[in-house]
Amino acid sequence: MPQYNPNEIEQKWQRFWEKNETFKATENPEKPPYYVLDMFPYPSGAGLHVGHPLGYIASDIVARFKRNKQFEVLHPMGYDAFGLPAEQFAIDTGNHPEGFTDKNIARYEDQMKKIGLSFDWSRKVKTSDPKFYKWTQWIFIQLFESWYNPKTNCAEHINDLIRDFEKNGNTYFTAEQWNNFSEAEQQKILMDYRLAYIGESEVNWCEALGTVLANEEVKDGVSERGGYPVEKRKMRQWFLRITAYADRLLQDLNDIDWPQAVKDMQTNWIGKSVGAEVDFRLTPGPSPMERGEMQGTFVAENTEDGRSTSDSGSPLPGRGAGGEANDPGYMTSDKTIWGTLKTNARTNRKEQTEAEQILWEALRNSKMGFKFRRQHAIDKYIADFVCLEKKLIVEVDGEIHNSQKEQDEFRTSILNQIGFDVIRFTNEEVINDLENVLIQIKERLNLANGLTPGHSPMEGGGMQGRFGAENTEDVQSTSDSGSPLSGRGAGGEAKIRIFTTRPDTIFGASFMVLAPEHELVSVITSQDQKSEVEKYVAQAKLKSERERKAETKVSGVFSGAYAINPFTRKEIPIWIADYVLGDYGTGAIMAVPGHDSRDWAFAKHFNLPIIEVVEGGNVEEASYDAKEGYLVNSDFLNGLLVDQAIKRAINEIELDGLGKMKTNYRLRDANFSRQRYWGEPFPIVYKNGLPYPVPFDALPVELPEVESYKPTGSGESPLASVDRWVNTPDGRRETNTMPGWAGSSWYYLRYMDPDNDFDFVDKDKERYWKNVDFYIGGAEHATGHLLYSRFWNKFLFDRGLVSTKEPFKKLINQGMIQGVSQKISLDKRINDQGIENYYFISSELLKDDTREIHVDVSLVDNSILDIDAFIKWRTDYKDFIFKCEGGFWQNGNFTKTGEGSDQFRTKSEVEKMSKSKYNVINPDEVIEKYGCDAFRMYEMFLGPIEQSKPWDTKGIDGVSRFLKRFWGLFYDRDGNWLVNEDKPNAEELKTLHKTIKKIEDDIERFNLNTCVSSLMIAVNDLGGYQCHKKEILEPLVILISPFAPHIAEELWEKLGNSLSVAYAPYPAYIESYTAENSFEYPVSVNGKLRAKIELPLSLSKEQVEDEIKNMDLSKWTDGNPLKKIIVVPGKIVNVVV
RNA sequence: GCGGAUGUGGUGGAAUUGGUAGACACGCCAGACUUAGGAUCUGGUGCCGAGAGGUGUGCGGGUUCGAGUCCCUCCUUCCGCACCA
């Protein structure tokens, strides 16, 4: 084969590799393992464009290099096959998404194989394959059957927790109580601990489409398809308790070699802030109660989504101090407002409704077997009827309650927390069917039987309340904060709990701010401010999240209430403002305008006092936010540095019982449910409404065939309509499916052992490969996939299922390849007859105000437009004039009008590669023309992998020529074999060994662009020496093989080797060959390069100095004496005059 | 606003610990071979200047014998987060 014919040899070797399974990895104990992985591709219908292979080529080079370095290399590829485009295709066409997906996969694979990537295709996985998702389901069951033990900081089997409950109980219940709980009660409690749990969260519901939409399907508040309105709707969802791992996910970032940008993004996403929670007491000011208002009006306002920062939000109830929960039963009312409550209660008793009167007659005098009281104050509320012994509250609601369900729910949840069961009836129920009402009350009383009254919030129906309150998307999971109404009982005073990261500045807290959705807003608001506050809160609710984000101006309203700064003892006003977020911290802050810019802006706007407590700025001019400087105006903190003051303040706060040190996270638990067909079914069956995992031998739970992929209209997934699948002898199946990231969270483990039917990965194999050594992919996965996989991996590690803490040791984000668009300009001229004439104008004649249109890049060569091809493509322009410097073209004829070129030039611009810009480069075509070795090398040659850079097809000529020159070292133009057995000379050896060193160093650092350069230099040098020596060329073939594997295999074979070059040992670098014995020193005078002098490298500094002194430098020294000579051996000489 | 990245010839980029700025390649210019050139080969190519020389890594300042590289201020472009207490 005389001429270099890339297409021929590339096909030959690709077939060879496939047939011989050249890249099949084994768990070879003789070799060190190296795992190279590309991020899991989702096979989209569009196939690959030149941007996609960048990462694949880079990782392939690393994989091939490591094989030459005698590592056992695992380099697999597979597909993240579940996803929205396939779902949408199925909905649109009625065809099964699997066929669509498989077709796309085939296309992807075909393209990847043409690039000569050295994947071990025998390990291919596909997430939608039941053999794969069997184990995704299995891992889900492991999560379901695990809880996070905060004491060991480790996930443990839920059975360990159950055993502990059976033996020791927990803060809320005794062992005996636990053992007497019904199965349902136990399961509900355990749900608060499981790492996979059911909660409730808001989804994007589109009524018109009858379906739930993903965030990316919603644009500007309407559905992307059709533009229908989208509203938030609460749905029961599965969640994964990633928040339990928040701190470890953060800490272990230190141990992995990832781009700082990705680490920063994860750090930011987890959002840890350490500070203190501090209770601020309210001053005993006027409250709604004292104004004799009805109970309904002073029910604390519920947050919009039912979320509270209360203890009920904690998934780990056992963790907290739990103090508030153990209040003695006799203290049923809030002391601060007892006076008011008493008055109200008396009034209410006099003004009983008909229904209340009827019920009272049935309950009074222990007619039900237990003593009931009516209009009795409990906490901040007045209960219609209460049985204190059984802690059962009975409420009778009139019409008004229909409109305040949310408030009632909140009230119920608060009462549940302090241990009361609440049962509610309407007036009608009591009047029309008293008997049924009494039966229900009786049942509730019996349910509470056997429990010691008055101790646990978990007992009886209380659990339901707990559970209900917990099921919000934004569970403040890692929070173990107490109720916002804490302090009941213990202190007997109303408090507002704030979170601050700057407890040192507490003496500078001159006001407080509550989020508009804070539950105490309506409780504390004074009569005078009531209407204004209500108006503000209503406005804040109306504002969409978008508007609230866009809003920059300061807004807020005074509540009329005051609190006492626990350190200054001064009264400070409480404001309501939406710059404080309801779902972060406690939804309330102490405002320190001197040292927080937002507080400062607020204080300035509303003319509130600004107190300096840290020296270093001018708080009249701006807040001083820096954590540097000494404390002033702060009593016992005066003179301390900020760091010391923070510690001292927290210490003091804890000693005084005002609060405690506290860590907050922004991270939220991960929603794991999708209302879709095309995803992994949950291995869950509901018995009596409680979820149970299916037994192991029932796995995988396969996706059933469905009649239609269309949305059900009810918000449920299409699976819900398959009765025969949904209904099992054991109960009803979960009909949600798992999200796209389920499979991708652990796929890297499956590659280690893809066909195992008995385990998700064999333990020994997992211990051999451990984790991914080198991972490459796009930066868009920084906080999604990369965080979830770390979480799953840590979980599996905790449970002893994998052996490493982190899944991906080294990570690189590849940049994008941008397109170079070509544009031509359309100009307009009005001729004598006043008719508008449009014509195109060559770019060098360009004026500013022309209209530009994109031209397909294939019609442009070197910014010269092929006009004939253009008008063939866009026939609507066929009669247009194309004006050039020397004349114009029209209908294929050129009319010369003057001097200059007849070429029509385009304007180029770097843009994203996209169809609409006609700048997409198809790798298939490039490979067809230049060969895939040239394509691979050029992609690397463009620049550093991490950077985005434009694709310039012209540039590929450079590497194409290089490969031909390289070939030319082996064959002459007539196809004669040139390689000889001559001994290489020193120069040739130097070239070879410098290259060996350079390639090795650069690949280890992932500088693949400079590798290509150094190979070019080597080939240029050897070409210059006319070197055709086997001793030089054979090692060079190995050096080039990771980059251009096909040409390397071909020449390797021609050199007489029978085995693939893929496993040839990387040549050893021998330093002595590269040693120089002399150096041409650049000599600069006062830092400016003036002369050069060739000197032996063996000379000492002093000897070099002597040589310099003997030089004639007078031209540049102006006759001034040499002050100093600086000699850097082997580098430079600088003469100072 | 906060955080990160980035800025070097006409273009992509190189310069690994502070030591000859512009490697390698594209493009361009000139030449050779050729019926031809969108093939191949040779030479040249930061800018200003005829030259000597001057000047030059986003702007301005600093440290140093010496700065693309270190420090400070500001700016450009891109990405991420966005009232996180």
Side-chain angles (χ1 to χ4, degrees), chain A residues 259-265 267-269 271-273 275 498-502 505 513 515 548-552 554 577-581 583-592 595-599 601-602 625 664-666 779-780 782-783 813 815-816 818 820 861-864 908 910 937-938 941-944 946-962 964-965 968 973 998 1001-1002 1005 1007 1009-1017 1020 1080-1092 1115 1123-1137:
Chain A
Q260 196 54 44
V262 178
K263 289 190 184 184
D264 288 348
M265 269 190 246
T267 303
N268 203 300
W269 195 260
K272 179 179 183 171
S273 50
I498 59 100
F499 174 69
T500 178
T501 54
R502 292 292 301 276
T505 61
V513 184
R548 229 171 119 164
K549 275 179 195 167
E551 190 82 58
T552 47
V554 177
D578 64 8
Y579 82 90
V580 173
L581 305 177
D583 66 348
Y584 185 77
T586 62
I589 61 160
M590 64 172 198
V592 184
H595 306 282
D596 179 286
S597 47
R598 288 152 315 176
D599 296 345
F602 194 83
D625 296 9
N664 260 316
Y665 297 94
R666 197 174 58 175
E780 66 273 18
T783 47
N813 291 129
M816 304 229 290
Q818 295 147 312
V820 179
D861 185 34
N862 217 351
S863 54
I864 295 161
S908 62
V910 173
M937 286 201 107
Y938 185 54
F941 183 68
L942 277 174
E946 300 97 320
Q947 259 172 47
S948 291
K949 55 248 156 182
W951 173 276
D952 172 17
T953 299
K954 261 294 181 217
I956 200 172
D957 284 337
V959 285
S960 180
R961 278 178 207 142
F962 157 75
K964 284 178 195 160
R965 278 201 303 273
R973 288 185 193 207
K998 174 84 176 153
D1001 288 355
D1002 281 358
R1005 277 198 309 268
N1007 291 341
N1009 52 330
T1010 49
C1011 285
V1012 180
S1013 299
S1014 62
L1015 286 167
M1016 286 175 171
I1017 293 167
N1020 289 350
E1080 191 183 38
Y1081 278 92
V1083 180
S1084 30
V1085 178
N1086 284 345
K1088 292 212 164 94
L1089 180 69
R1090 296 301 184 187
K1092 291 194 174 176
K1115 193 174 168 189
K1123 223 189 251 171
K1124 197 173 166 190
I1125 298 173
I1126 290 135
V1127 177
V1128 184
K1131 292 272 187 192
I1132 201 170
V1133 175
N1134 194 12
V1135 179
V1136 187
V1137 183

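Not measured: the values here are computed from a predicted model. Here is the naming used below: chain letters follow the sequence lines, and residue numbers restart at 1 for every chain.
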Within the sub-3.5 Å range, which N or O atoms of nucleotides 5-11 of chain B have a protein N or O partner, and how far apart are they?
none

A:Lys949 side chain to A:Pro944 main-chain N or O, any donor-acceptor pair under 3.5 Å?
yes

Who pairs with A:Phe499 by ring pair (Phe, Tyr, Trp, His ring centres under 6.0 Å), at least two apart in sequence or on another chain?
none

Whole-Å P distance, B:rC28 and B:rG22:
24 Å

Is the shortest side-chain N/O distance from A:Ser1013 to OP1 or OP2 of B:rA25 below 4.0 Å?
no

Atom CD of A:Glu946 and atom P of B:rC79: how far apart are they, to the nearest Å?
18 Å

Which ranges of RNA chain B pair up as stems, where a stem means three or more consecutive Watson-Crick or G-U pairs with both distances under 3.5 Å?
B:1-5 with B:77-81, B:10-12 with B:24-26, B:27-32 with B:40-45, B:46-48 with B:53-55, B:60-62 with B:70-72

Whole Å only: how far is the CE atom of A:Met1016 from the P atom of B:rA14?
14 Å

Roughly how many Å is it from CD in A:Glu780 to C1' in B:rG4, rounded to a whole number?
17 Å

Using heavy atoms to find the nearest nucleotide of RNA chain B for A:Asn1020 and A:Phe499 separately, return the residue whose nucleotide is more 5′.
A:Asn1020

Verify the distance criterion only: is there a donor paired with an acceptor across the side chains of A:Trp951 and A:Thr953 at less than 3.5 Å?
yes

Glycosidic class, syn or anti, of B:rG9 using a 90° window around 0:
syn

Report the distance from atom CE of A:Met265 to atom P of B:rC79, rounded to the nearest whole Å.
12 Å

Please check the phosphate of B:rA14 (OP1 and OP2 only) for any side-chain N or O of A:Asn1009 closer than 4.0 Å.
yes

In short, A:Gly271 meets A:Tyr584 closest at the heavy-atom pair O-OH, 4.3 Å

Please find the pair of heavy atoms, one from A:Pro950 and one from A:Leu942, that lie closest to each other, and give the distance.
O-CD2, 3.8 Å

Could you tell me how far B:rU73 sits from B:rU55 if I compare only their P atoms? Round to whole Å.
29 Å

Could you check how far OH of A:Tyr938 sits from P of B:rC26, rounded to whole Å?
10 Å

Which nucleotides of nucleotides 63-77 of chain B have their base under 4.0 Å from a protein heavy atom (B), which only their sugar-phosphate (S), and which neither (-), written as one string 5' to 3'?
--BS-----------

Could you tell me which residues satisfy side-chain hydrogen bond (donor to acceptor under 3.5 Å, both in side chains) with A:Arg1090, sequence neighbours excluded, listed by chain and number?
none

Would A:His595 and A:Thr505 satisfy side chain to side chain contact (heavy atoms under 4.5 Å, CB included), going step by step from the backbone distance to the final call?
CA-CA 8 Å; A:His595 306 282; A:Thr505 61; 4.3 Å; yes

Tell me whether the OP1 or OP2 atom of B:rA25 has a side-chain N or O from A:Arg965 closer than 4.0 Å.
yes

To the nearest 0.5 Å, tell me how far A:Ile589 CD1 sits from A:Asp599 CG.
4.0 Å

Rounded to whole Å, CG of A:Leu581 lies from P of B:rC81 at a distance of 17 Å

In sequence, state the C-alpha distance, the side-chain angles, and the governing distance for A:Glu780 and A:Asn813, and then conclude on side chain to side chain contact (heavy atoms under 4.5 Å, CB included).
CA-CA 9 Å; A:Glu780 66 273 18; A:Asn813 291 129; over 6 Å; no

For the residue pair A:Asp1002 and A:Thr1010, confirm or rule out a side-chain donor-acceptor distance under 3.5 Å.
yes

In 5'-to-3' order, the base (B), backbone-only (S) or no-contact (-) status of each nucleotide in nucleotides 30-38 of chain B, using a 4.0 angstrom heavy-atom cut-off, is ---------

Looking at A:Ser948 and A:Met816, would you say the former's side chain and the latter's main chain have a donor-acceptor pair under 3.5 Å?
yes

With a 4.0 Å cutoff (strictly under), does any side-chain N or O of A:Arg961 reach OP1 or OP2 of B:rC24?
no

Taking any heavy-atom pair under 4.0 Å as a contact, classify A:Pro944: base, sugar-phosphate, or nothing.
sugar-phosphate

Give me the distance, rounded to whole Å, that separates B:rG46 from B:rG1 when you measure between the P atoms they each carry.
41 Å

Rounding to the closest angstrom, what is the interatomic distance between B:rC72 and B:rC24 at atom C1'?
36 Å

Using a heavy-atom cut-off of under 4.0 Å over every strand shown, decide if A:Asn1007 touches base, sugar-phosphate, or nothing.
nothing

Work out how far the P atom of B:rG13 is from that of B:rG4, and round it to whole angstrom.
23 Å

Separation between the P atoms of B:rG58 and B:rU6, rounded to whole Å:
13 Å

With sugar-phosphate meaning primed atoms plus P, OP1 and OP2, does A:Lys272 contact a base, only sugar-phosphate, or nothing at under 4.0 Å between heavy atoms?
nothing

Considering only the P atoms, how many Å lie between B:rA67 and B:rU57, rounded to the nearest integer?
11 Å

Do A:Lys964 side-chain and B:rU40 base share a donor-acceptor contact under 3.5 Å?
no

A:Phe602 CZ to B:rG1 C1': how many Å, rounded?
19 Å

Which whole-number value in Å describes the distance from A:Tyr579 OH to B:rC2 C1'?
18 Å

Integer angstrom distance from the P of B:rG7 to that of B:rU42
33 Å

